[in-house]
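Okay, structure first, notes after.
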Amino acid sequence: MLCLAGDVDPAAVADFHARYGREPVPVDAVDTGSVTRLSDAALDLVLDHVRAGELRGREVPVLRTPRPVAGSAPHA
C-alpha cells in the first residue's frame with residue numbers, strides 16, 4: 001500500500017524517491033485519507049504506481065480520499 005499524508009509537495013516526493021528509488025512498484029491500494037494537499041509531482045507519483053500495477057495485470061488500486069474539512073470548499 002502506498003500511504004500519503006499531509007502536504008505532499010515536490011520535496012516530499014523527492015525524499016520518497018531518495019529513500020525508495022524512482023522505479024514504481026505495483027500497489028494494492030493508495031491511501032490518501034490523511035493528505036491535505038497533493039502537488040503535481042505527488043499526483044504523478046501516485047499515477048506511476050497505479051500504472052505499474054495495471055501493467056502487471058492488477059486491478060486499479062482502491063483510492064481512499066481525504067475526508068472533507070468543515071467549512072472548506074470542494075476542489076475542482
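What's counted below: heavy atoms across the whole structure, side chains too, no hydrogens, waters or symmetry copies. Remember, it's a predicted structure, so these values are computed and weren't measured experimentally.
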Quick check for you: to the nearest 0.5 Å, what is the distance between His49 atom NE2 and Phe16 atom CZ? 4.0 Å
Taking every non-hydrogen atom, the tightest pair across Leu45 and His17: CD1-NE2, 3.6 Å
Check: Gly6 main-chain N/O paired with Thr36 side-chain donor or acceptor under 3.5 Å: yes
Under 4.5 Å between side-chain heavy atoms, hopping through other hydrophobics if needed: is there a path connecting Val8 to Leu47? no
Taking all atoms of both residues into account, what is the closest heavy-atom pair of Gly53 and Pro26, and its distance? CA-CB, 3.7 Å
Could you check whether any side-chain N or O of Thr32 sits under 3.5 Å from a backbone N or O of Leu4, counting only pairs where one atom can act as donor and the other as acceptor? no
Do Leu2 and Tyr20 sit in the same hydrophobic cluster, where Ile, Leu, Val, Met, Phe, Trp and Tyr count as joined when their side-chain heavy atoms come under 4.5 Å apart? yes
Which atom names give the shortest non-hydrogen contact between Gly33 and Asp31, and what distance separates them? N-OD1, 2.9 Å
Apply side-chain contact (heavy atoms from CB on, under 4.5 Å) to residues Met1 and Val30 and explain how you reach the verdict. CA-CA 6 Å; Met1 179 177 294; Val30 177; over 6 Å; no
Can you name the closest pair of heavy atoms from Pro24 and Asp48 and give their distance? CB-O, 3.5 Å
